[in-house]
Q: 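Pasting a structure here, questions to come.
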Amino acid sequence: MTSSAHISSSQLPVVAIVVPCYKEQEALPMSLPRLLYVLDTMTARRIAAEGSFILCVDDGSPDSTWQAILKAHDEDSRVQGLALAHNAGHQYALLAGLMDVRERCDAAVSIDADLQDDPDAIIEMVNAFRAGSEIVYGVRRSRSTDTWFKRNSAHAFYRLQESMGLQSVYDHADYRLMSRRALEVLASFREQNLFLRGIIPLIGLNTATVYYDRNERVAGESKYPLKKMLAFSIDGITSFSAKPLRWIFLTGLGLLIADVAVALYVFCSLLRGDTMSGWSSIMLSVWFLGSLLLMAVGVVGEYIGKIFTEVKGRPRFIVREHT
């Protein structure tokens with residue numbers, strides 16, 4: 001294994017495949033052989049070194065995911081396991097795996113256990129790494145298999161991110177390759193509110209893109225239903241942009257201007273003697289302004305909650321066991 005930022009074409013990199021797992025007891029017996037086949041292919045073609053391996057990170061699964069990892073390790077020592085003490089969340093499990101392998105590999109590839117992301121793209125990613133790229137993004141070639149709602153809501157979220165100043169990669173989730181140097185830079189980001197899709201583009205360095213077709217899950221069910229996706233989206237926006245707070249101020253400024261206009265109208269009506277009881281308009285105004293105030297308090301509270309989490313400085317994850 002080399003310690004330099006780049007390796008020459010004659011040197012074979014040690015590649016680590018990091019697989020965050022949560023309730024994947026059904027998927028792992030099918031996905032791990034496929035990933036091992038990719039490792040075998042890369043070593044046979046002299047694309048990756050013999051010491052390349054897979055690290056499965058059990059994110060506190062309540063089922064038999066850890067037992068499935070231990071069984072796979074007994075059958076093939078290239079499969080390693082890392083068990084977190086509790087369910088920390090996908091982003092933290094992924095970070096735990098990346099931090100664990102960063103000193104033991106030249107490049108790390110993150111991929112989910114459901115294999116919706118095509119494992120064969122790993123070979124292209126490693127080739128791009130050997131050509132000089134230090135971060136290689138796996139990007140879906142199309143979203144034709146998604147529902148109309150999911151496809152358009154996803155693109156709307158990417159556009160919203162860009163409007164708020166976030167550097168986002170369209171149709172990219174957490175399928176990517178990172179060099180050891182990129183992993184070391186990632187380790188210097190210490191925030192508790194983790195949104196890797198926003199952090200990693202900030203690293204810079206040489207990047208490349210590999211396109212692939214997305215598959216169906218090999219087993220199990222999605223760990224990101226609509227509710228979790230919305231929470232993930234809100235967390236990503238509030239972790240990287242203060243624009244929602246600025247929007248509150250601008251909304252308040254606009255309402256102030258409207259209030260001045262209404263006040264002038266009321267004053268002129270009073271001088272003309274045209275005043276009359278306006279219960280409907282008053283009630284609508286109270287409900288409208290009350291809703292805006294509650295929304296504003298909620299947005300401010302979201303940021304205060306993040307500050308609260310950051311200043312406590314608790315560990316982002318706790319490792320229970322390592323194979």
Side-chain angles (χ1 to χ4, degrees), residues 1 13-45 47-123 125-126 138 173-178 183 214-224 316-323:
M1 181 171 60
V14 174
V15 177
I17 301 176
V18 178
V19 187
C21 307
Y22 181 68
K23 296 197 291 188
E24 299 290 3
Q25 63 178 10
E26 297 177 0
L28 286 173
M30 289 180 276
S31 59
L32 287 176
R34 180 78 183 280
L35 293 173
L36 286 170
Y37 175 77
V38 170
L39 285 185
D40 289 337
T41 300
M42 290 194 295
T43 53
R45 296 181 185 176
I47 296 173
E50 292 283 347
S52 299
F53 59 95
I54 300 169
L55 177 68
C56 298
V57 184
D58 178 22
D59 186 21
S61 301
D63 61 1
S64 301
T65 295
W66 182 241
Q67 286 68 33
I69 295 171
L70 293 177
K71 183 176 184 294
H73 174 69
D74 291 338
E75 295 173 352
D76 193 320
S77 60
R78 290 177 297 173
V79 178
Q80 302 176 11
L82 180 72
L84 302 188
H86 66 283
N87 178 230
H90 178 272
Q91 297 289 279
Y92 298 96
L94 178 53
L95 180 70
L98 293 174
M99 293 301 98
D100 183 80
V101 304
R102 78 179 193 271
E103 295 181 355
R104 302 191 285 128
C105 69
D106 296 303
V109 178
S110 56
I111 185 172
D112 288 338
D114 57 23
L115 294 194
Q116 285 188 286
D117 301 319
D118 184 6
D120 291 336
I122 294 174
I123 299 173
M125 290 181 178
V126 175
D174 287 300
Y175 189 25
R176 67 180 74 88
L177 176 147
M178 299 181 69
L183 291 173
R214 194 166 172 84
N215 305 313
E216 296 293 328
R217 287 183 60 90
V218 293
E221 58 184 17
S222 174
K223 306 305 186 298
Y224 272 96
R316 291 180 289 185
F317 53 83
I318 300 172
V319 176
R320 186 190 78 226
E321 189 176 347
H322 200 307
T323 59

Q: Restricting to non-hydrogen atoms, name the atom on Ile69 and the atom on Cys56 that form the minimum distance, rounded to 0.1 Å.
A: CD1-CB, 3.6 Å
Q: Output all residues satisfying salt bridge (charged side-chain N to carboxylate O under 4.0 Å, His left out) with Arg320, sequence neighbours left out; order by chain, then residue number.
A: none
Q: For Arg34, is there an ion pair with Asp118 - N to carboxylate O distance below 4.0 angstrom?
A: yes
Q: As an exercise, state the distance from OH of Tyr175 to CD of Gln116, rounded to the nearest 0.5 Å.
A: 12.5 Å
Q: What is the distance from atom CG of Leu177 to atom CD1 of Ile122, rounded to the nearest 0.5 Å?
A: 9.0 Å
Q: Looking at Val79, Asp114, Val57, Ile111, which hits side chain to side chain contact (heavy atoms under 4.5 Å, CB included) with Val19?
A: Ile111
Q: Are Arg102 and Asp100 ion-paired here, with the side-chain N under 4.0 Å from a carboxylate O?
A: no
Q: Roughly how far apart are Tyr37 OH and Asp120 CG, rounded to 0.5 Å?
A: 7.5 Å
Q: Please enumerate all residues that pass side-chain contact (heavy atoms from CB on, under 4.5 Å) together with Arg45, with sequence neighbours excluded.
A: Thr41, Ile47, Ile123
Q: Can you name the closest pair of heavy atoms from Thr43 and Ala49 and give their distance?
A: CG2-O, 3.4 Å
Q: Quick one: does Thr65's side chain have a donor or acceptor within less than 3.5 Å of a partner on Glu24's backbone?
A: yes
Q: Is any side-chain heavy atom of Leu35 closer than 4.5 Å to one of Leu115?
A: yes
Q: For Ala96 and Leu82, which heavy atoms make the closest approach, and how far apart are they?
A: O-CD2, 3.9 Å
Q: Which atoms form the tightest heavy-atom contact between Ala48 and Ser52, and what is the distance?
A: CB-OG, 3.7 Å
Q: Does Ser64 use its side chain to pair, donor to acceptor, with the backbone of Gln25 at less than 3.5 Å?
A: no
Q: With sequence neighbours left out, what residues match Arg78 under salt bridge (charged side-chain N to carboxylate O under 4.0 Å, His left out)?
A: Asp40, Asp76
Q: For a side chain to side chain contact (heavy atoms under 4.5 Å, CB included) check, start with the C-alpha distance between Asp117 and Arg214, then their side-chain angles and the critical distance, and finish with the verdict.
A: CA-CA 5 Å; Asp117 301 319; Arg214 194 166 172 84; 2.7 Å; yes
Q: Taking only residues at least two apart or on different chains, which pairs with a member in residues 54-73 satisfy salt bridge (charged side-chain N to carboxylate O under 4.0 Å, His left out)?
A: Lys71-Glu75
Q: Which distance, rounded to the nearest 0.5 Å, do you find between the CE of Met178 and the CG of Asp106?
A: 14.5 Å
Q: Could you tell me which residues satisfy side-chain contact (heavy atoms from CB on, under 4.5 Å) with Thr323, sequence neighbours excluded, listed by chain and number?
A: Trp66, Leu70, His73, Gln80
Q: Applying salt bridge (charged side-chain N to carboxylate O under 4.0 Å, His left out), name anything that partners Asp112, two or more places apart in sequence or on another chain.
A: none
Q: Please report the interatomic distance CD(Gln67) to CG(Leu28), rounded to the nearest 0.5 Å.
A: 11.5 Å
Q: Grab the two heavy atoms, one from Leu84 and one from Ala88, that are nearest each other, plus how far apart they are.
A: CD1-CB, 4.2 Å
Q: How many angstroms lie between atom NE2 of His90 and atom SG of Cys21, to the nearest 0.5 angstrom?
A: 9.0 Å
